[in-house]
Amino acid sequence: MLLAIGATGVLIVALLCEVSLPRLEEAFARWRARRRRPVHDRFDPGRERRAEQRARELLRSCVNDEEWAMYRDLGFIRVWGTQADGPARGTNGAPYAYLIYPHKPIVAYLPQTSRLLNEYCVEFPDQTRPYGSARLPDSDDVLAKWMALTGDERRLIATANMHLPGRQVDPKTVRRDLWRLQQWERRRVARELRDGGVPAP
């Protein structure tokens, strides 16, 4: 009787080993793979901050001093329009400009009256990322829009999704930013006059 119970116990242990051994081997292989995981797969909280810092340096090297100071102080860049007929009907050839915000539509407006014309939605996703977000750093997004707008304004405006003002950017925010821009320009001109320089047009 003891011999039969012992043989049954050995048989049960052998069957359990046979059934559970593949699962144990798989678990051990997963554990080893986790231990060998490369360091670059781990989340680095400073990666995006360093990317933004590099993007700011690149933006500063591409735009002029006024545009860089504007972005540094105000958080957006103004670009003057170059098309004779303007981006919208009813401008009658009046000078117009764009405000470029990071990760927001480009806003066209008339500087003389602060009348908002249109919003142009364009996106420049980061297609080369091995990890993290497809969203470009703020300064890279501004630089991409600035390059597209100054390089081929007509094409960018023709291919962008156009909306009336207020679709994605609050008109009150834009008008406040236009007021901030006017104040910033006045202070800049006064500083240049005080320092004996000739203010930029």
Side-chain angles (χ1 to χ4, degrees), residues 30-81 97-109 116 118-153 155-157 159-163 165-192 195 200:
R30 279 196 311 261
W31 176 77
R32 284 181 60 196
R34 272 196 308 268
R35 290 197 57 185
R36 284 189 307 217
R37 184 175 294 164
V39 175
H40 69 272
D41 282 353
R42 295 192 184 121
F43 177 72
D44 178 7
R47 179 181 294 130
E48 291 185 9
R49 188 178 315 122
R50 288 189 303 272
E52 174 60 24
Q53 196 167 7
R54 286 190 305 270
R56 286 178 76 87
E57 290 170 7
L58 180 61
L59 176 64
R60 185 175 188 173
S61 70
C62 293
V63 299
N64 64 37
D65 291 338
E66 179 189 12
E67 290 169 331
W68 167 249
M70 191 182 302
Y71 181 70
R72 181 194 62 216
D73 297 344
L74 302 173
F76 57 85
I77 292 179
R78 177 196 52 215
V79 175
W80 290 100
Y98 300 97
L99 293 182
I100 301 176
Y101 294 96
H103 303 292
K104 289 184 181 175
I106 297 170
V107 178
Y109 72 101
L116 306 182
N118 296 315
E119 291 179 3
Y120 299 95
C121 301
V122 292
E123 184 179 42
F124 299 94
D126 184 0
Q127 303 290 348
T128 63
R129 61 179 177 84
Y131 35 68
S133 169
R135 183 176 155 136
L136 287 172
D138 289 354
S139 298
D140 274 344
D141 185 67
V142 169
L143 179 59
K145 291 173 185 172
W146 178 85
M147 289 175 70
L149 199 55
T150 56
D152 193 353
E153 175 188 351
R155 180 174 175 215
L156 179 71
I157 297 308
T159 58
N161 292 329
M162 185 191 74
H163 300 290
R167 173 76 183 256
Q168 292 186 41
V169 183
D170 183 14
K172 291 178 185 174
T173 302
V174 177
R175 286 193 179 91
R176 187 197 73 219
D177 287 341
L178 291 174
W179 178 83
R180 290 173 54 221
L181 178 59
Q182 288 175 349
Q183 299 303 313
W184 180 83
E185 287 181 319
R186 284 186 186 135
R187 285 192 304 270
R188 184 173 150 269
V189 168
R191 188 169 44 248
E192 288 179 359
D195 294 342

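Since we're looking at a predicted model, the values are computed, not measured. One-based numbering along the sequence shown.
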inquiry  = If you apply the rule side-chain contact (heavy atoms from CB on, under 4.5 Å), what do you find for L178 with L116, and how did you get there?
reply    = CA-CA 10 Å; L178 291 174; L116 306 182; 4.2 Å; yes

request  = Determine whether more than 12 heavy atoms belonging to other residues, nucleotides or ligands lie under 6.0 Å from atom CZ of R176.
outcome  = yes

message = If you define the side chain from C-beta out and look only at heavy atoms, does anything of Q168 sit under 4.5 Å from C121?
response = yes

query = Is the Y120 ring parallel, tilted or perpendicular to the Y98 ring (thresholds 30°, 60°)?
reply = perpendicular

key: Value rounded to 0.5 Å, distance of OH in Y101 from CG in D141   = 13.5 Å

task = Might you work through the side-chain contact (heavy atoms from CB on, under 4.5 Å) test for V174 and Y109, ending with a clear yes or no?
result = CA-CA 10 Å; V174 177; Y109 72 101; 5.8 Å; no

Would you mind writing out the side-chain donor-acceptor pairs for residues 51-64 within the sub-3.5 Å range, not counting sequence neighbours?
from, atom 1, to, atom 2, distance (Å)
E52, OE1, D138, N, 2.9
E52, OE1, S139, N, 3.2
E52, OE2, S139, OG, 2.6
S61, OG, L58, O, 2.7
N64, OD1, E66, N, 3.1
N64, OD1, E67, N, 2.7

task = Working to the nearest 0.5 Å, report the span between CG of D73 and CZ of R187.
result = 8.0 Å

message = Could you check whether atom CH2 of W80 has more than 12 heavy atoms from other residues, nucleotides or ligands sitting under 6.0 Å from it?
response = yes

message = With heavy-atom distances below 4.5 Å as the criterion, would you say the side chains of I157 and L149 are in contact?
response = yes

request  = Determine whether more than 12 heavy atoms belonging to other residues, nucleotides or ligands lie under 6.0 Å from atom CZ of R155.
outcome  = no

remark   = In short, N118 meets P165 closest at the heavy-atom pair N-CG, 4.1 Å

query = Between CD1 of I100 and OG1 of T150, what distance do you get to the nearest 0.5 Å?
reply = 7.5 Å

query = How far does NZ of K104 sit from NZ of K145, to the nearest 0.5 angstrom?
reply = 9.5 Å

Donor-acceptor contact below 3.5 Å, side chain E119 vs main chain G166 = yes

request  = Can you run down the salt bridge (charged side-chain N to carboxylate O under 4.0 Å, His left out) pairs that involve residues 177-186, sequence neighbours left out, and say none if there aren't any?
outcome  = R78-E185, D177-R180

key: Rounded distance [0.5 Å steps], CZ in R175 versus CG in D170   = 9.0 Å

